[in-house]
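Below: one structure, written as structure tokens.
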Amino acid sequence: MEYIILSVYFILFVAIVVKCRFFIFKTFPRKYVLILFLIKIFSATIFLWIYTFHYPQGLDSETTFQSSVKLYQISKNDPHLFIRLMGFSDNDEQTLQAGIQLNKSWFKDYEQNFINENRTVIRFHALLNFFSCHFYKVHLLMLCFFVFCGSFFLYHFFQPQTKKEDFLCVFACFLIPSTLFWTSGVLK
């Protein structure tokens, strides 16, 4: 079932990338957009394989994903608690206990950050669970698509004027390793 859903989303995302006018370079043929999207997916897949190989005991991203599945289940059992956990109110004891059960770091303070990033990622994945049937690889594909869209927002923001500028902008927005392999966030 997972691979059927994965295939459906892959076809959907490829169709969006190929047909949508948002995904156009100024000076390069349209086929390069699809090639870059496939490179992004391939890079994320390789990164997932390497990450899984080096951490066979389990990924921190899998822990975050499992917490999002628990949060999604709360949406079915107690929609009011789900809404409170999604960010509208987390001050009462019931919400505190539910948050602790989701993930050990739900209420962990970070010295260098103002926001607990794990909550944000768990909440986002909980929303994606409404569309993914709780499959981790489907989430990975969805996040690859969202990151690819974000790369295009950057590309359009810088509005390259010449072919040389266009090449540099494409390289910077899509192929610099920190952009291409920004997949620990994608995995999470």
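These values consider heavy atoms only, across backbone and side chains, with no hydrogens, waters or symmetry-generated copies. This structure is a prediction, so every number in the text was calculated from the model and none was measured.
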- Message: Are more than 12 heavy atoms, taken from residues, nucleotides or ligands other than Phe22, located less than 6.0 Å from that residue's CZ atom?
- Response: yes
- Task: Look up atom CG in Asn129 and atom NE2 in His139, then write down how far apart they are to the nearest 0.5 Å.
- Result: 4.0 Å
- Message: For Phe153 and Phe157, I'd like to know if the aromatic rings sit close, meaning centre-to-centre distance below 6.0 Å.
- Response: no
- Query: How about Ile122 and Lys70: do any of their side-chain heavy atoms sit closer than 4.5 Å?
  - Reply: no
- Note on the structure: The reported gap from CD1 in Ile74 to CD1 in Ile83 (rounded to nearest 0.5 angstrom) is 12.5 Å
- Item | Phe146 atom CZ, over 12 foreign heavy atoms within 6.0 Å | yes
- Task: With rounding to the nearest 0.5 Å, note down the distance linking OG in Ser151 to CZ in Phe37.
- Result: 11.0 Å
- Message: Between His125 and Leu71 (side chain of the first, backbone of the second, donor and acceptor by atom type, cut-off under 3.5 Å), is there such a pair?
- Response: no
- Message: Could you measure the distance from the OG1 atom of Thr45 to the NZ atom of Lys40? Nearest 0.5 Å is fine.
- Response: 10.5 Å
- Item | Whether Tyr9 side chain and Ser132 backbone form a donor-acceptor pair below 3.5 Å | no
- Item | Heavy-atom check, side chain of Phe148 versus side chain of Val33, under 4.5 Å | yes
- Mind checking whether Val18 and Leu38 sit in one hydrophobic cluster, side chains of I, L, V, M, F, W, Y counted as touching below 4.5 Å? yes
- Task: Indicate, with yes or no, if Leu140 and Val8 share a hydrophobic cluster defined by side-chain heavy-atom contacts under 4.5 Å among Ile, Leu, Val, Met, Phe, Trp and Tyr.
- Result: no
- Item | Minimum heavy-atom distance Ala126-Ser68, with the two atoms named | N-CB, 3.5 Å
- Nearest 0.5 Å please: distance from the SG atom of Cys133 over to the OH atom of Tyr72. 7.5 Å
- Task: State, yes or no, whether a side-chain contact exists between Tyr3 and Lys137 at a heavy-atom distance under 4.5 Å.
- Result: yes
Would you give me the side-chain donor-acceptor pairs under 3.5 Å for residues 160-175, sequence neighbours excluded?
residue, atom, partner, partner atom, Å
Gln161, NE2, Gln159, O, 3.0
Thr162, OG1, Glu165, N, 3.1
Glu165, OE1, Gln161, N, 2.8
Glu165, OE1, Thr162, N, 3.4
Asp166, OD1, Tyr155, OH, 2.3
Asp166, OD2, Thr27, N, 3.1
Asp166, OD2, Thr27, OG1, 2.4

- For Ser75 and Phe130, what are the C-alpha separation, side-chain angles and deciding distance, and is it a side chain to side chain contact (heavy atoms under 4.5 Å, CB included)? CA-CA 10 Å; Ser75 75; Phe130 285 99; 3.7 Å; yes
- Same apolar cluster (I L V M F W Y, side chains within < 4.5 Å links), Leu6/Leu34: yes
- Message: Does Phe10 form a side chain to side chain contact (heavy atoms under 4.5 Å, CB included) with Val14? I'd like the steps, not just the answer.
- Response: CA-CA 6 Å; Phe10 177 76; Val14 166; 3.7 Å; yes
- According to a 4.5 Å side-chain heavy-atom criterion applied to Ile, Leu, Val, Met, Phe, Trp and Tyr, with indirect links allowed, do Val138 and Ile4 form part of one hydrophobic cluster? no
- Query: Is the distance between the ring centroids of Phe152 and Phe25 less than 6.0 Å?
  - Reply: yes
- Item | Cluster overlap Leu143 with Phe131, hydrophobic side-chain contacts below 4.5 Å | yes
- Note on the structure: Distance col, row Phe145:CZ vs Leu12:CG, nearest 0.5 angstrom, shows 7.5 Å
